Amino acid sequence: MNDDILRVLYSKEDIDAITARLADQIKADYAGKNPLVICILKGAIMFMTDLVRAVDDYMEIDFMDVSSYGNATESSGEVKILKDLDTSVSGRDLLIVEDIVDTGRTLFYLKKLFNTRNARSIKICALMDKPEGRVVDVHADYVGTTVPNEFVVGYGLDYAEKYRNLPYIGVLKPAVYQEE
Ligand SMILES: O=P(O)(O)OC[C@H]1O[C@H](OP(=O)(O)OP(=O)(O)O)[C@H](O)[C@@H]1O
Ligand SMILES: [Mg+2]
């Protein structure tokens, strides 16, 4: 699996340092608010579970599974809900946790959805931002790091459902997806 990686962008140590910085900001901003932290499956699973453990304060968690990429490296443009939240968001302070903002379509869709469900506030925490990928206007309130316009995998992010279990984030060798 490691042989498919062209270069490592962020080691586990890099990711931990980024996560600790974001957790400190979130702890300060949400003091006394008991936010609902929403993990967007599957990509954000590793980041969200590490992030919430780094915030030493009250918060609730829930999970939503949406997908727009299928098995491709380009967004289909259509966001599908595969699993909805169990918790009502009405009147809640929401912190959406994402692994990456690329075209922005996923988060644009989710922000609109949670607004119609009467959330009290909606903020986004994204481990990675890929500004050159943006197609719709959306920005994250907390950004771990900015990445170049390349397809990245690892630490939750997949290509065709593989590589999510890499402990680091890297760029996939183009040959891996050009072969198919
Ligand atoms: O800004 P966008 O272009 O919408 O891309 C970002 C989204 O795409 C990926 O999820 P995907 O839909 O591939 O599902 P997954 O999280 O299950 O891999 C990623 O995890 C983000 O959720
Ligand atoms: Mg995702």
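When a ligand or atom number is given, it counts from 1 through the structure's own listing order. Basis for what follows: all heavy atoms, side chains included, without hydrogens, waters or symmetry-related copies. Keep in mind it's a predicted model, so treat the numbers as computed, not measured.
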Contact region, Asp102 to ligand 1, non-hydrogen atoms below 4.0 Å, reads both
- Query: Once the angle between the rings of Tyr159 and Phe151 is folded into 0 to 90°, is it parallel (under 30°), tilted (30 to 60°) or perpendicular (over 60°)?
  - Reply: perpendicular
Among Ser68, Ala44, Gly133, the residue with a heavy atom nearest to atom 12 (O) of ligand 1 is Ser68
Note: Arg164, heavy atoms under 4.0 Å from ligand 1, region reported as side chain
Check the side chains of Thr87 and Asp62 for a donor-acceptor pair under 3.5 angstrom, ignoring hydrogens and angles. yes
Ligand 1 to Thr106, heavy atom cutoff 4.0 Å, flagged ligand atoms 2 (P), 4 (O), 7 (C)
query: Where do Lys173 and Asp4 land on the salt bridge (charged side-chain N to carboxylate O under 4.0 Å, His left out) test, with the steps shown first?
result: CA-CA 6 Å; Lys173 288 179 183 163; Asp4 296 343; over 6 Å; no
Leu41 heavy atoms within 4.0 Å reach ligand 1 at atoms 16 (O), 17 (O)
*Between Asp93 and Ser121, do the side chains contain an N or O donor and an N or O acceptor separated by less than 3.5 Å?*
yes
For this session: Give a yes/no on ligand 1: does Val66 have at least one heavy atom closer than 4.0 angstrom to it?
Result: yes
For Asp99, the atoms of ligand 1 under 4.0 Å from one of its heavy atoms are 19 (C), 20 (O), 21 (C), 22 (O)
So for Ile100 against ligand 1, with non-hydrogen atoms under 4.0 Å, the contacting part is both
In terms of side-chain heavy atoms, does Asp14 have a donor or acceptor partner in Ser11 at a distance below 3.5 Å?
yes
Heavy-atom proximity to atom 1 (O) of ligand 1 ranks first, among Gly104, Ala126, Cys39, Gly43, for Gly104
I'd like to check Ile61 versus Val97 (side-chain heavy atoms, cut-off strictly below 4.5 Å). Are they in contact? no
Do any nitrogen or oxygen atoms of Asp65 come within less than 3.5 Å of a nitrogen or oxygen of ligand 1?
no
Q) Do the two ring centres, one from Tyr168 and one from Tyr10, sit under 6.0 Å apart? A) no
Any heavy atom of Leu107 under 4.0 Å from ligand 1? The part involved is neither
For Arg105, is there an ion pair with Glu78 - N to carboxylate O distance below 4.0 angstrom? no
In ligand 1, the atoms that come under 4.0 Å of a heavy atom of Glu98 are 20 (O), 21 (C), 22 (O)
